[in-house]
2 protein chains.
Amino acid sequence: MNIGEVAERSHLPAKTIRYYEEIGLIKPPRDENGYRRFREEDAHSLRFLARARSLGFSIEDCRALLSLYHDRGRASADVRRIAQEHLTRIEAKIGALQSMQTTLRHLVETCHGDNRPGCPILDDLAGLE
Amino acid sequence: MNIGEVAERSHLPAKTIRYYEEIGLIKPPRDENGYRRFREEDAHSLRFLARARSLGFSIEDCRALLSLYHDRGRASADVRRIAQEHLTRIEAKIGALQSMQTTLRHLVETCHGDNRPGCPILDDLAGLE
DNA sequence: TATGGCGCTTCCAGTTACTGGAAGGTCAAG
DNA sequence: CTTGACCTTCCAGTAACTGGAAGCGCCATA
């Protein structure tokens with residue numbers, strides 16, 4: 001199948017698929033006219049990648065996971081480690097965002113938001129609490 | 001003061017401060033030897049920027065906020081709008097991360113993580129749930 | 001057969017917010 | 001006078017695409 005079809009099937013933009021080929025995540029053969037010809041195997045890898053990316057794995061994580069998937073004798077311990085580290089990063093990020101959220105919520109609530117002078121948000125940013 | 005001192009005072013790396021000058025967030029004058037000379041005003045702006053960045057505001061948001069701060073007659077409504085929009089983005093991001101977290105936690109928990117073949121994480125990514 | 005239009009190709013540039021490193025000038029201390 | 005810390009500029013790289021231009025390929029219709 002051509003790139004348009006596999007794009008639709010994997011829910012990835014064609015641009016992204018070309019990019020994944022460029023960085024070596026997939027290696028579809030070419031037809032005589034130069035078009036990429038995607039086999040079922042490629043479509044499968046792309047769906048795998050789309051799912052892993054949607055879970056926030058980095059491209060390098062995806063590369064490792066895909067290779068572990070293609071290796072038979074999949075070393076489940078490696079997969080688990082990658083996922084666990086990723087989970088830890090996600091949790092840290094959530095924590096950081098929640099702390100921003102708390103501060104911002106407070107600031108937005110105390111800002112009257114009209115044209116009277118003085119703004120608690122700017123005062124906070126300026127270090128004038 | 002020189003860049004080293006203002007870097008220490010604002011808790012921003014010197015590299016970042018040069019970058020902020022390059023993109024026009026601050027405009028410190030130069031000494032005869034070409035060194036940047038930071039006035040109190042510049043140090044203040046840098047602390048403002050450091051705080052706003054630590055709250056996750058984008059550089060362009062920071063630019064707007066700084067300009068609203070320097071404008072007397074600070075239009076508090078604009079500030080509030082920027083902060084509110086930012087808060088909304090943060091909340092969306094938290095939601096997305098939490099959904100990843102839930103899925104990953106489940107996957108990590110069900111993965112035995114030894115060398116037995118078969119791995120629920122890879123199976124999920126491959127779409128074989 | 002011409003042509004229109006979509007799909008495919010490559011290549012280049014831009015995005016965000018820095019960060020690292022090289023090559024070299026300045027300054028104060030010993 | 002040298003050493004070392006501090007400053008300068010410039011170039012390149014990061015992550016993961018995304019947009020756009022220029023130019024073929026292919027199919028259908030007039």
Side-chain angles (χ1 to χ4, degrees), chain A residues 1-38 42-43 45-46 48-66 82 85-86 89-90 93 96-97 100, chain B residues 1-38 42-43 45-46 48-66 82 85-86 89-90 93 96-97 100:
Chain A
M1 78 200 87
N2 283 346
I3 201 167
E5 190 180 338
V6 81
E8 192 174 352
R9 282 226 248 155
S10 62
H11 307 291
L12 287 172
K15 277 267 184 191
T16 299
I17 295 173
R18 291 195 194 98
Y19 173 69
Y20 287 174
E21 186 203 31
E22 189 186 325
I23 63 174
L25 287 178
I26 51 167
K27 308 197 192 328
R30 299 295 181 115
D31 278 339
E32 310 232 321
N33 57 13
Y35 287 18
R36 291 167 184 82
R37 183 167 45 76
F38 294 87
D42 299 307
S45 291
L46 287 170
F48 183 101
L49 290 167
R51 171 85 176 130
R53 291 289 298 134
S54 82
L55 287 174
F57 284 102
S58 71
I59 288 286
E60 289 318 306
D61 278 351
C62 289
R63 191 190 301 279
L65 291 169
L66 197 55
I82 292 173
E85 283 172 11
H86 180 44
R89 280 193 302 273
I90 283 181
K93 212 173 257 182
L97 286 172
M100 292 180 199
Chain B
M1 77 199 88
N2 283 346
I3 201 167
E5 190 181 338
V6 82
E8 193 174 353
R9 282 226 248 156
S10 61
H11 307 291
L12 287 171
K15 277 267 185 192
T16 299
I17 296 171
R18 291 194 193 98
Y19 172 69
Y20 286 173
E21 186 202 31
E22 190 186 324
I23 63 175
L25 287 178
I26 51 166
K27 307 197 194 327
R30 299 295 181 114
D31 279 338
E32 311 231 320
N33 57 12
Y35 287 18
R36 291 167 184 82
R37 185 166 46 76
F38 294 88
D42 299 308
S45 291
L46 287 170
F48 184 102
L49 290 167
R51 173 85 175 129
R53 291 289 298 132
S54 82
L55 288 173
F57 284 102
S58 72
I59 288 285
E60 288 318 306
D61 278 351
C62 289
R63 192 191 300 281
L65 291 170
L66 197 54
I82 292 172
E85 284 172 11
H86 179 45
R89 279 193 301 273
I90 283 180
K93 211 172 258 181
L97 287 172
M100 291 180 199

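FYI, side chains are in, hydrogens and waters are out, and symmetry mates aren't considered; it's all heavy atoms of this structure. To find a chain, count down the sequence lines: A is the first, B the second, and so on, and within it residues start at 1.
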Assign each of B/I59 and B/K15 the nucleotide of DNA chain C bearing its closest heavy atom; nearer the 5' end lies the nucleotide of B/I59

Need two values: the first and the last nucleotide of DNA chain C, 5' to 3', having an atom under 4.0 Å from any heavy-atom of chain A.
C/dG7 to C/dC11

Using a strict 4.0 Å threshold on nitrogen-to-oxygen distance, state whether B/R18 and B/E21 make a salt bridge.
no

So, does B/H86 use its side chain to make a donor-acceptor pair with the main chain of B/D61 at under 3.5 Å?
no

Looking at side-chain heavy atoms only, is the closest gap between B/R89 and B/K93 below 4.5 Å?
no

In this structure, how many angstroms lie between the C1' atom of D/dT8 and the CG atom of B/N33, rounded?
9 Å

Scan A/L65, A/L25, A/I59 and name whichever one has a side-chain contact (heavy atoms from CB on, under 4.5 Å) with A/L49.
A/L25

Rounded to whole Å, how long is the line connecting atom CZ of B/R36 with atom P of D/dC7?
10 Å

For a quick check of understanding: with a heavy-atom distance under 4.0 Å over all strands, which category does A/Y20 fall into, base, sugar-phosphate or nothing?
sugar-phosphate

Rounded off to whole Å, could you give me the CG-to-C1' distance for the B/D31 and D/dC7 pair?
11 Å

Do any N or O atoms from the side chain of B/N33 and from the backbone of B/Y35 form a donor-acceptor pair under 3.5 angstrom?
yes

With heavy atoms under 4.0 Å as the rule, sort A/R37 into base, sugar-phosphate or nothing.
nothing

Nearest listed nucleotide, side chain of A/S58, among D/dT18, D/dA16, D/dT9
D/dA16

Both A/E5 and B/E60 contact DNA chain C. Which one's nearest nucleotide lies toward the 5' end?
A/E5

Within the structure provided, determine whether A/D42 and A/I17 are in side-chain contact (heavy-atom separation under 4.5 Å).
no

Can a donor-acceptor pair be found, under 3.5 Å and without considering hydrogens, that links the side chain of A/R63 to the backbone of A/I23?
yes

Tell me, for nucleotides 1-6 of chain D in 5' to 3' order, what letter each nucleotide earns: B for a base near a protein heavy atom under 4.0 Å, S for only sugar-phosphate near one, - for neither?
-----B

Looking at B/R30, I'd like to know whether one of its side-chain N or O atoms comes within less than 4.0 Å of OP1 or OP2 on D/dT9.
yes

Students often get this wrong, so: under 4.0 angstrom with heavy atoms, is A/R18 touching a base, only sugar-phosphate, or nothing?
base

Quick check: do B/R30 and B/R36 have side-chain heavy atoms less than 4.5 Å from each other?
yes

Whole angstrom value for the distance that separates P of D/dC7 from CD of B/E32:
18 Å

Locate the shortest heavy-atom distance separating A/I3 from A/F38; write the atom from each residue and the value.
CA-CE1, 3.5 Å

